Asker: 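Following this message is one structure expressed as structure tokens.
Whatever order the structure lists them in is the order used to number ligands and atoms, beginning at 1. On a predicted model such as this, the values are computed, not experimentally measured, just so you know.
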Amino acid sequence: MRAAVLTAPGTLEVMDVPEPRGEVLVEVRAATACGTDLKMLRHGHRVLGPYPARFGHEMAGVRLDTGDPVLVGDSAACGSCAPCLAGRAQICRDMTWILGGFAERIAAPEAALHTLPPGLDFAVAAVAEPLAACIHAVARGTDAEDCAVLGGGTMGLMLARLLVLEGRSVTLVDRHPERRAQATGLGAVAVERFDRAHALVFEAVGRPQAWADAVGAAAPGGCVVLVGGCPSGTAAPLPTGPLHYEELDVRGAFHHDRLEVDRALWLLTRGQVDPRELLLPAIGLGELAAALQAPGGGAARKIVVDPSR
Ligand SMILES: [Zn+2]
Ligand SMILES: [Zn+2]
């Protein structure tokens with residue numbers, strides 16, 4: 001079968017590979033891409049195995065054994081480490097990562113599969129993975145009414161949508177006018193830069209300076225949730241004054257658990273979160289490398305790969 005394979009930093013090759021082996025085989029109908037995939041292509045990633053490596057972690061398709069449409073979750077927690085036993089499976093110390101969505105077929109443990117309701121578009125279903133991470137980030141925050149989201153990429157826009165759905169007042173901060181227009185369309189207020197403090201701030205950029213900016217925009221007694229992962233080995237200079245004298249809570253948010261993925265599928269199925277506006281037209285595996293490396297900017301859109309193309 002054909003698969004997109006990372007063979008060295010910066011090098012993606014589409015090649016014939018042996019059929020995957022594992023508990024359940026799934027024919028991939030749609031795999032969406034995010035910033036993590038670009039990081040994996042450029043410099044590898046902590047969850048990526050040694051080269052040659054498969055990637056693609058937002059994928060949906062059809063089980064070859066039962067014919068059921070499924071979302072293939074990108075992880076299965078061990079269930080027995082200290083975080084798992086404490087109810088925090090998203091930071092499992094022995095996580096099985098299921099990567100390889102950019103291929104015609106993928107093998108996955110039964111525990112990573114979520115059956116889709118009939119009729120749900122496969123590319124829309126694949127978005128349940130990043131949406132679940134946004135659901136988790138909201139859960140890491142407080143119930144403050146006055147929220148801000150720094151970064152109008154697809155994660156920031158989905159975060160804003162979730163907060164709007166909860167009836168909160170949401171300000172999205174992004175320097176791109178196209179992304180501000182997308183945020184306004186979702187029911188948020190959009191500004192180019194922070195112009196006041198907010199009780200709850202989500203950082204959805206993934207750069208150390210943005211982490212510091214998010215902390216700088218929190219109101220006294222406020223909470224900051226750091227959603228964007230920064231390049232490995234980096235450190236963020238945080239302002240010590242407000243952290244101490246204004247008792248800011250700064251919390252990381254990583255990944256999601258199985259229930260959050262189910263919740264994401266529920267929201268997508270009911271159209272409460274509609275990602276179609278965020279999805280580019282589907283491309284084949286052969287076009288993936290160029291699409292991932294295309295310059296960003298402008299409106300936030302996700303790459304959709306249909307491996308059968
Ligand atoms: Zn992703
Ligand atoms: Zn565990």
Asker: Taking 4.0 angstrom as the limit, do D195 and R193 come out as a salt bridge?
Answerer: no
Asker: Under 4.0 Å between a Lys/Arg side-chain N and an Asp/Glu carboxylate O for E203 and R251?
Answerer: no
Asker: For the Zn ion (ligand 1), report each protein N, O or S atom nearer than 2.8 Å, sorted by chain and then by residue number.
Answerer: C34 SG, H57 NE2, E58 OE2
Asker: Vertex the Zn ion (ligand 2): angle to SG of C84 and SG of C78, to 10°?
Answerer: 120°
Asker: So which heavy atom on L288 is nearest to which on A4, and how close?
Answerer: CD2-CB, 4.2 Å
Asker: Please collect all salt bridge (charged side-chain N to carboxylate O under 4.0 Å, His left out) contacts where either partner lies in residues 85-106, sequence neighbours excluded, each pair once.
Answerer: E19-R105
Asker: Hey, do the aromatic rings of H45 and W97 have their centres closer than 6.0 Å?
Answerer: no
Asker: Checking side-chain hydrogen bond (donor to acceptor under 3.5 Å, both in side chains) between H136 and each of E260, H255, R263, which is the one that passes?
Answerer: E260
